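In this text the structure is predicted, and so the values were computed from the model without any measurement. FYI, side chains are in, hydrogens and waters are out, and symmetry mates aren't considered; it's all heavy atoms of this structure. Numbering of residues begins at 1 and proceeds along the displayed sequence. Numbering of ligands and ligand atoms starts at 1, following listing order.
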Amino acid sequence: MQTINANGYSVYFNETIYSYLNEILLPKEYSKIFVLVDSKTSEHCLPNFLANLATEIEIEIIEFEAGEQYKNIETCFEIWSALTELGADRKSIILNLGGGVVTDLGGFIASTFKRGIEYINVPTTLLAMVDASIGGKNGVDLGNLKNQIGTITTPKAVLIDTNFLTTLPQNEMRSGLAEMLKHGLIQDKAYWDKFKNLNNLSTDDLDKLIHQSIEIKNNIVLQDPTENGIRKALNFGHTLGHAIESYLLENEDKNPLLHGEAIAIGMILESYLSLQKNLISNDEYQEIKYIISDIFEQVSFTREDIEKIIALLIHDKKNEFGKVQFALLDKIGNVKINQFIDNELIFSAFEDYKN
Ligand code: NAD
């Protein structure tokens, strides 16, 4: 599959990735290689990854516990310390081998350690392949508030090896699918239409869908790398989705949702808001609701839950001058950014989601 050129780096696919890596990992270029993994990618992905590396440079492995709850500054502190103890310098390179937690955290570590060292993302979940590893956004959570601390620093490269998906659990595959659906909804109606009939998907079909999804995200990022305008379209479903994800994470009596599962609910709710703003038709809304609900289980929210979720919107990163702003659909395949919405309409969106 064709290499995709991004802003200052490239995204390589399956057959080309190890030859690319082995060509650039030369002793005259890098002093040491640090492979960052979590406890699960250490088990499922690291052995195969290391077996394909052919370099004379010393390799050190740094591992942390898997899970969103470890995407925080305490884990960064441990990794910055480990890098120091293991002799990392400004010519060291970090290879982030994992899902979005590893690529977000590892990108942030690399962008701050000694004021910035090079890093490469090797995403191992569907979500990280089509979304988290692309575009240079990185960071960590602050308590339960998602991605509050971070930078936009592009990687040296992104390497997509879809073989890693063979060990990924089904719910994690679904979570990644949510971001692919989003890419169709915000940018490409023909791509969205492909998800209307997902039966009998071959690995080859999936690889093509992944490639297309990355192209869509990359095209948006290329137009607006620092998110002053059109890149906000990528936040469709995320304003409410992130608030739902944070709310369920911080309440121990609630079942947390995976990132994509929360975004799927956010996309249904924000499609309802788009309908109420006359930006999409009722037919479009019903189609979106039907397709997403067919893939993702319904979650119930009480009035009190919804009030607390709305209260969390004030921390959304798109807010300007204290106002919550939504990126809403403007027909399937297009987005209108900087939309203000009354809280009452958000309650009605949850009410409609229930039915
Ligand atoms: P994740 O990194 O937690 O991975 C999900 C689980 O799968 C983890 O337990 C992980 O250890 C395990 N895993 C990873 N690869 C595996 C494999 N090949 N086989 C078996 N298990 C494997 O979560 P995620 O869904 O990949 O990413 C979610 C994170 O991405 C969130 O923190 C979200 O905020 C972030 N994100 C960032 C961006 C961005 O632009 N930077 C975009 C979207 C999401």
Trainee: Can you work out which protein residues put a heavy atom within less than 4.0 Å of ligand 1?
Mentor: D38, K40, T41, H44, C45, A66, E68, K71, G99, G100, V101, D104, T124, T125, L127, D131, A132, K137, K146, N147, F164, T167, L168, E172, K217, H259
Trainee: Can K354 and E351 be counted as an ion pair, charged N to O under 4.0 angstrom?
Mentor: yes
Trainee: I'd like to know if E179 and K217 make a salt bridge, using a cut-off of under 4.0 Å between side-chain N and carboxylate O.
Mentor: no
Trainee: Please assess N96 against N121 for the test side-chain hydrogen bond (donor to acceptor under 3.5 Å, both in side chains), listing each intermediate value before the final yes or no.
Mentor: CA-CA 5 Å; N96 296 319; N121 282 337; 3.0 Å; yes
Trainee: Please report the shortest heavy-atom distance between L312 and S246, naming the atom on each side.
Mentor: CD1-CB, 4.1 Å
Trainee: Please state whether the rings of H211 and F13 are parallel, tilted or perpendicular, taking 30° and 60° as the class boundaries.
Mentor: tilted
Trainee: For A327 and F236, which heavy atoms make the closest approach, and how far apart are they?
Mentor: O-CD1, 3.4 Å
